[in-house]
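Presented below is the structure to which this report refers.
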Amino acid sequence: MRPDEAGTFAETFNAANVERYRDAAQAAGISELGVSEHIHRFQQSLSVWDHPYWREQAVDDIEAYCAFVREQTDMRLGLEVDFVPGREDLTQNLIERCELDYVVGSVHFLGDLAVDFDRYDIWTDARSPEAVWRRYYETLAAAAHSGLFDILAHPDLVKMWGSSRPAPPGDPRRYYEPALEAIADTQIAVEVSTAGLRKPVGEIYPAPAFLEGVVAAGAPIALSSDAHLPEQIGFGYERALELLAGAGVDELAVFERRQRRLEPLGR
Ligand SMILES: [Zn+2]
């Protein structure tokens, strides 16, 4: 809904800006639009975690956000919420402050370090890439099992840096296993996000092999461009549709008041 680390609440959540997103969506042939602000933009997130990045970012009021989206727009009201191990109850309390349409759960941080953010870069640490990948997918599995979320965001975010960070050699599929098992157990919806096309890796999240695992697990797919600017709405959707078709996905999960339904793709 707004560029990372930019845009005040008033600059972002106003009728004119919503109109810009609406127009862009219409041009991209998208009729139903959801907004899912990152939890760390809200003061209330500090009740869950006091990471220095969150302390710096947490300036807005979650209730003002929810009220704006509900009362002044026709968009679905979502939140992107980090899974913080050990803080599940506090996270649940935070999620329940608003009546949301959907909650996207994500893993960016492993401990205090991030897989996708150079200011808190996990990759400068002495840890082996194997250990980082293993821990990333185990944490993703725990996020699915937590029951806090409707959708699992950008499921293979750990690849975000592409060749500019170390990666384990060989077939990455062996790392997916705990996450795919958790997805099978919980039937959580899994996001296919074109945001990765804009990142150093230049690939959709998740990789085709991960998506095939999700389909084999029988879990539903949700589609996102993770747009932080109007011109990013629907970004790369043609490539996403190709990927989905290749995996045999013909319906997508959509959410209203945290109830999930499946809609045929291409509508
Ligand atoms: Zn994210």
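In each ligand, atom 1 is the first atom listed, and ligand 1 is the first ligand listed.
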Problem - Cation-pi geometry met for R198 and F235 (6.0 Å, 45°) - result: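 The answer is yes; both the distance and angle limits are met.
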
Exercise for the section: Work out the angle at the Zn ion (ligand 1) between NE2 of H154 and OE2 of E80, rounded to 10°. Expected result: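 That angle works out to 100° after rounding to 10°.
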
Handout entry: Whether D116 has an N, O or S atom under 2.8 Å from the Zn ion (ligand 1)
Key =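 It does not; every qualifying atom lies at 2.8 Å or beyond.
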
Problem - the Zn ion (ligand 1) to nearest N/O/S of H38 below 2.8 Å - result: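 H38 does not place any N, O or S atom closer than 2.8 Å to the Zn ion (ligand 1).
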
Problem - Donor-acceptor under 3.5 Å (N17 side chain, F13 main chain) - result: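 No, the answer is negative, given that no donor and acceptor are paired below the 3.5 Å cut-off.
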
Practice task
State whether the side chain of D82 and the backbone N or O of V84 hold a donor-acceptor pair below 3.5 Å, judged by distance alone.
Solution key: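 Such a contact is absent between D82 side chain and V84 backbone.
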
Handout entry: L46 side, atom CG; L90 side, atom CG - distance, nearest 0.5 Å
Key =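 Answer for the CG-CG pair, L46 versus L90, is 12.0 Å.
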
